[in-house]
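Just below is one structure, and these are the notes that go with it.
Note that the structure is a prediction, hence the values are computed from the model and not measured. Computed over heavy atoms, backbone and side chain alike; hydrogens, waters and symmetry mates excluded. Every number for a ligand or one of its atoms is a count from 1 in the order of the listing.
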Amino acid sequence: MTQLQVKVLRRRAEAQDIDSFVLARSDGGALPAFSAGSHIDVHLPGGLVRPYSLCNDPLDAAHYRLGVLRDAASRGGSVAMHDHVKEGDVLSISEPRNNFPLHSAPHSVLLAGGIGITPLLCMAQRLAAEGASFEIHACNRSLARSAFVGELQAFGERFHLHLDDGEAAQKLDLPAVLQASPAGSRLYVCGPTGFIDFVVNTAKSHGWPADHVHLEYFGAAPQDTTGDGSFEVRIASTGKSYTIAADQTVSAALQAHGVDILVSCEQGVCGTCITRVLEGECDHRDMYFTDEEKALNDQFTPCCSRAKSAVLVLDL
Ligand code: FES
């Protein structure tokens, strides 16, 4: 996959523990175009690769802007961005990919939990530029932790800020939002697992069709791995088999044997590592595929998913 070298043009504090990073080509030229909801993989100091949503207007061809929450409890990507990346640094990134695209609708409801605002801000910019009907809700712990509020306020009455430490009257009343939305509206939600589950379950209980609810997880909930065992993975092109130990991921085990699979989030969220499965039964642990896609059993995410059968044959 093509990698791009970009310079950190500007870094700015947007809220408590949230900084934005504006990336550009060193020669100021155009970057590959992106659509609202896209993300890029950033190769970080220390060798980590992490996906970050783009949160600038897609019509801005010269820049990619990221919003990054410094989460000390995470697996190191956001801390590396905050502690080691400064203006003038050169970073290696992937071209943009979009797993969370906008669809045409009479009205769009954008719901952000915390730093999940980043792809939704980009969507709001696009919808506003098109003159489309939308509303955007940002749910945050406090005003100090609310990023991009100044930009969001430019959307006027379409922007709603809900603070955990605020008065009851300003809290998100999701059933009321859903009931007020015209038929055919689409719902977009991004944020932590608990927030997304709450939105998805509320939409379901209010009769929203599942195909009008679009989501992007910001991080996966911890998995219970106590029952995990070992299994074999066979590479179709070479016929070689490798044992995946109970405490190893497929991608890490194969990499140790020189079989490289590109990974980014390493928690089944971004879809970067998707690999076709030719034989065997997958034990899907990701949040990327729909239940229908998982049932097809023809591809899986080796960064976190495992096997229910003794052997998995991969199309590598
Ligand atoms: Fe993101 Fe596997 S690396 S889903």
(request) May I ask you to identify, for Glu266, whether its side chain, its backbone, both or neither come under 4.0 Å of ligand 1 on a heavy-atom basis? (result) backbone

(message) So for atom NZ, which belongs to Lys7, do other residues, nucleotides or ligands contribute more than 12 heavy atoms lying within a distance under 6.0 Å?
(response) no

(request) Look at the aromatic rings of His162 and His160 and report parallel, tilted or perpendicular, splitting at 30° and 60°. (result)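 The arrangement is parallel - the two ring planes meet at less than 30°.
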
(request) Please identify which atoms of ligand 1 are closer than 4.0 Å to at least one heavy atom of Gly268. (result) 4 (S)

(request) For Gly271, take its heavy atoms, then give the atoms of ligand 1 lying under 4.0 Å from any of them. (result)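 Those qualifying, in numeric order: 1 (Fe), 4 (S).
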
(message) Could you work out, with side-chain contact (heavy atoms from CB on, under 4.5 Å) as the rule, every residue matching Ala245, not counting sequence neighbours?
(response)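 With sequence neighbours excluded, Ala245 shows a side-chain contact (heavy atoms from CB on, under 4.5 Å) to Asp247, Gln248, given in chain and number order.
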
(message) What verdict does the salt bridge (Lys or Arg N to Asp or Glu O under 4.0 Å) test give for Asp57 and Arg65, after you've listed the backbone C-alpha separation in whole Å, the side-chain angles of each residue and the deciding distance to 0.1 Å?
(response) CA-CA 9 Å; Asp57 188 334; Arg65 183 177 65 166; over 6 Å; no

(message) Is Cys273 close enough to atom 1 (Fe) of ligand 1 that one of its N, O or S atoms comes in under 2.8 Å?
(response)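 It does not; every qualifying atom lies at 2.8 Å or beyond.
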
(request) For atom 3 (S) of ligand 1, find the nearest protein heavy atom and state the residue, atom name and distance (0.1 Å precision). (result) Ser264 N, 3.2 Å

(request) Hey, could you give me each pair passing salt bridge (charged side-chain N to carboxylate O under 4.0 Å, His left out) that has a residue in residues 115-136? Not counting sequence neighbours. (result)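 Listed by first then second residue: Arg126-Glu130.
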
(request) Verify whether the ring centers belonging to Phe155 and Phe134 lie closer than 6.0 Å. (result) yes

(message) So is Val269 touching ligand 1 or not, going by heavy atoms under 4.0 Å?
(response) yes

(request) Taking atom 1 (Fe) of ligand 1 as the vertex, measure the angle between atom SG in Cys265 and atom SG in Cys270; round to 10°. (result) 100°

(message) When you measure from atom 2 (Fe) of ligand 1 to the N, O or S atoms of Cys303, does any of those distances fall below 2.8 Å?
(response)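 Given the 2.8 Å cut-off, Cys303 counts as a ligand of atom 2 (Fe) of ligand 1.
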
